[in-house]
Amino acid sequence: MTSWIPESASNLASNVDNITLFVTVLSVFFCVLISFFLIYYSIKYRRKSENQETAYITGNELIEIIWTVIPSILLMVIFAWGYIAFRELKHPPADALEINVIAKQWLWQFEYFNGKKSINEMYVQKGRPVRLIMRSDDVIHSFFVPQFRVKQDVLPVNYSQLWFTPTKTGTYDIYCTEYCGAGHSKMLGKVNVLSPEAYARWERADEFGGDAVAGGSDLPPAERGENLYSQRGCNACHSLDGADGVGPTFKGLFGREEKLVDGSVVIADENYIKESIYVPQAKMVAGYAPVMPAFKGILSDDEVTAIIEFLKTQK
Ligand code: HEC
Ligand SMILES: [Cu+2]
C-alpha cells in the first residue's frame with residue numbers, strides 16, 4: 001500500500017501494523033485536539049485589562065469523569081489488543097519448521113534439520129511456519145526482519161526463539177539490531193522465501209550454490225546428537241526405550257513436564273535441557289541422585305544443540 005513502511009511479508013505483520021497505526025492516529029488526534037484548545041483558550045481567556053480579576057473556579061466533576069474514563073478505555077483497548085498480538089508472537093505453532101541460528105561477530109549462520117548449513121542466507125518456504133532457535137557465539141546480537149515485523153535478541157547463554165510464517169516469495173533483509181562491535185553495520189543477511197517446489201529442490205540439492213552453502217553440509221544435527229549420546233557416555237545412565245536407569249529415560253523427554261526435587265514443575269524445552277547438560281545440579285529431577293557429571297567446557301554449544309535435536313526425535 002504505502003512505501004513509508006516496509007512491505008509486509010509475514011502472517012504477523014498486519015497485527016503489528018494495525019496496532020502501530022491505531023496508536024499513532026490516536027496520539028496525533030489527541031495532540032492536535034489538546035493543542036487546539038490550549039491555544040484557543042489562551043487567546044479567548046487572556047487578561048484583557050490590567051485590573052481584570054481571575055474567575056474563581058473550584059472544579060467540574062463531569063469534565064473530570066470524562067477525561068478519566070475515555071482515556072482509560074482507550075488504554076485498555078491498546079493493552080488488550082497488544083497483549084493478544086504479543087501472545088501470538090510468543091507462541092509458535094507446534095508443527096513449525098525449526099532452524100538453528102547462530103549469531104557471531106559478524107555473521108549469521110543457519111543450520112537446517114537435514115544438516116544443511118548456510119551463511120547470511122536463510123531459506124524458508126512460503127506458507128510454512130518457521131521457528132528459529134537462536135544462540136550467539138560471542139556477544140548479544142539481535143535478529144530483525146523488518147518485512148516480517150519480528151525482532152528478537154540473540155544471547156550467548158540461553159536459546160531465544162522467534163517464529164513467523166512467510167506469506168510472499170521473495171528476498172527480505174536480516175539486520176542485527178544490537179550494537180555488537182566494529183562489524184555491526186555489516187552484519188546483514190537475507191531471507192529467501194521459496195515456493196514449495198523451489199524449497200523442495202533446495203532441500204534435496206546443493207542448489208543456490210556460492211554463498212548459500214558456504215557453511216557446507218554436515219550430518220543432520222539429530223544424527224550428530226545420536227553419535228554424541230553414545231560417544232560421550234550418556235547411554236550409561238539414560239535409556240532411549242523408556243527404561244529407568246541411573247538417570248531418567250530420554251524417551252519422550254523433550255517437551256515433557258518434569259517434576260523437580262523442590263516440588264516445582266518445568267517443561268523440558270531447549271533451555272532446560274541445555275542447563276541440565278551443562279549444570280546438572282541446577283534443576284534436579286525428583287527421585288534421582290546428583291551423580292550426573294557437568295558437561296560445561298566438555299561439550300560445545302554446537303554439540304549440545306545437536307543433542308537437543310536428537311532428543312526431539314525420541315518421542
Ligand atoms: C553418571 C550418570 C549420568 C551420565 C553419564 C549422564 N547423565 Fe544426565 N542425568 C543423570 C541423572 C541422575 C539425572 C537426573 C538428576 C538431575 O537432574 O541431575 C540426569 C538428568 C539429565 C537431564 C534432565 C533429564 C530430565 O528428565 O529432566 C538431561 C537432559 C541429561 N541428564 C542429559 C545428559 C546427557 C546429554 C548426557 C551425556 C552427554 C548425560 N546426561 C550423561 C545421570 C547421568
Ligand atoms: Cu550483531
Side-chain angles (χ1 to χ4, degrees), residues 101-109 119-120 134-145 151-156 159-160 173-189 221-222 224-240 242-314:
V101 179
I102 301 134
K104 54 179 117 182
Q105 290 168 324
W106 288 279
L107 55 85
W108 300 100
Q109 189 183 316
I119 287 175
N120 287 339
M134 307 190 288
R135 66 177 200 269
S136 164
D137 259 4
D138 36 56
V139 298
I140 300 177
H141 300 273
S142 184
F143 182 95
F144 180 37
V145 180
K151 188 198 271 188
Q152 174 63 50
D153 276 8
V154 183
L155 313 172
Y159 296 99
S160 52
D173 304 310
I174 301 170
Y175 291 98
C176 178
T177 47
E178 185 70 57
Y179 180 63
C180 57
H184 167 68
S185 64
K186 297 206 180 70
M187 195 166 158
L188 305 169
R224 294 206 310 273
E226 183 166 17
N227 292 341
L228 288 163
Y229 166 73
S230 40
Q231 283 161 10
R232 295 297 180 166
C234 317
N235 55 359
C237 304
H238 296 284
S239 78
L240 298 180
D244 213 16
V246 178
T249 181
F250 280 169
K251 188 179 163 69
L253 170 61
F254 191 84
R256 181 160 75 197
E257 285 192 351
E258 206 64 291
K259 244 186 129 173
L260 304 181
V261 278
D262 64 4
S264 63
V265 172
V266 292
I267 300 220
D269 59 7
E270 283 95 353
N271 280 322
Y272 167 77
I273 291 174
K274 184 178 188 181
E275 186 185 48
S276 294
I277 295 173
Y278 277 160
V279 196
Q281 270 80 57
K283 296 197 176 74
M284 287 290 299
V285 184
Y288 295 91
V291 293
M292 175 165 159
F295 286 90
K296 181 92 210 163
I298 297 171
L299 292 173
S300 67
D301 276 2
D302 193 55
E303 290 171 319
V304 168
T305 305
I307 290 173
I308 292 171
E309 292 305 323
F310 167 60
L311 291 180
K312 285 178 186 169
T313 65
Q314 300 302 304

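Since the structure is predicted, the reported quantities are computational estimates derived from the model, not experimental observations. Order of appearance sets the numbers: ligands from 1, and atoms from 1 within every ligand. Heavy-atom basis, side chains included; hydrogens, waters and symmetry copies ignored.
Residue E257 places its CD atom among 12 or fewer non-hydrogen atoms of other residues, nucleotides or ligands, all under 6.0 Å distant. Within a 6.0 Å sphere centred on NZ of K312, heavy atoms belonging to other residues, nucleotides or ligands number more than 12.
Formation of a donor-acceptor pair under 3.5 Å by the R256 side chain with backbone atoms of K251 is found in this model.
Of the N and O atoms on the side chains of D262 and S264, at least one donor lies less than 3.5 Å from an acceptor on the other residue.
Less than 4.0 angstrom separates some heavy atom of V291 from each of these atoms of ligand 1: 1 (C), 12 (C). Counting the atoms of ligand 1 from 1 in the order shown, those under 4.0 Å from a heavy atom of G233 are 5 (C). With ligand atoms numbered from 1 in the order given, ligand 1 contributes 17 (O) to contacts under 4.0 Å with heavy atoms of K283. Applying the 4.0 Å criterion to heavy atoms of L299 picks out, from ligand 1, the atoms 38 (C). Atoms of ligand 1 lying under 4.0 Å from any heavy atom of A289, numbered from 1 in the order shown and given with element: 12 (C). Atoms of ligand 1 found under 4.0 Å from any heavy atom of L253, numbered from 1 in the order shown, are 25 (C), 26 (O), 27 (O), 29 (C). Taking a cut-off of under 4.0 Å to the non-hydrogen atoms of R256, the atoms of ligand 1 that pass are 26 (O).
The protein heavy-atom contact nearest to atom 16 (C) of ligand 1 is M284 SD, 3.6 Å. Annotation: atom 26 (O) of ligand 1 to nearest protein heavy atom, E258 OE2, 2.2 Å. Of the protein's non-hydrogen atoms, the one nearest atom 32 (C) of ligand 1 is F250 CZ, 3.5 Å.
A pairwise comparison of heavy atoms in Q105 and D138 identifies N-OD2, 2.9 Å as the closest pair.
The number of protein N/O/S atoms found under 2.8 Å from the Cu ion (ligand 2) is 4.
Not counting sequence neighbours, the partners of Y179 by the ring pair (Phe, Tyr, Trp, His ring centres under 6.0 Å) test are H184.
Within the structure, ring-ring contact (aromatic ring centres under 6.0 Å, His included) pairs that include any residue of residues 254-312 comprise Y229-F310 (at least two apart or interchain).
Around atom 8 (Fe) of ligand 1, the protein atoms of type N, O or S found under 2.8 Å away are H238 NE2, M292 SD, listed by chain and number.
Checked options R232, R224, Q231; the residue passing with E303 is R232 (criterion: side chain to side chain contact (heavy atoms under 4.5 Å, CB included)).
Residue-level proximity to ligand 1 for Y272 is carried by the side chain, the only part with a heavy atom below 4.0 angstrom.
Polar contact with ligand 1: present for V285 (N/O pair, distance under 3.5 Å).
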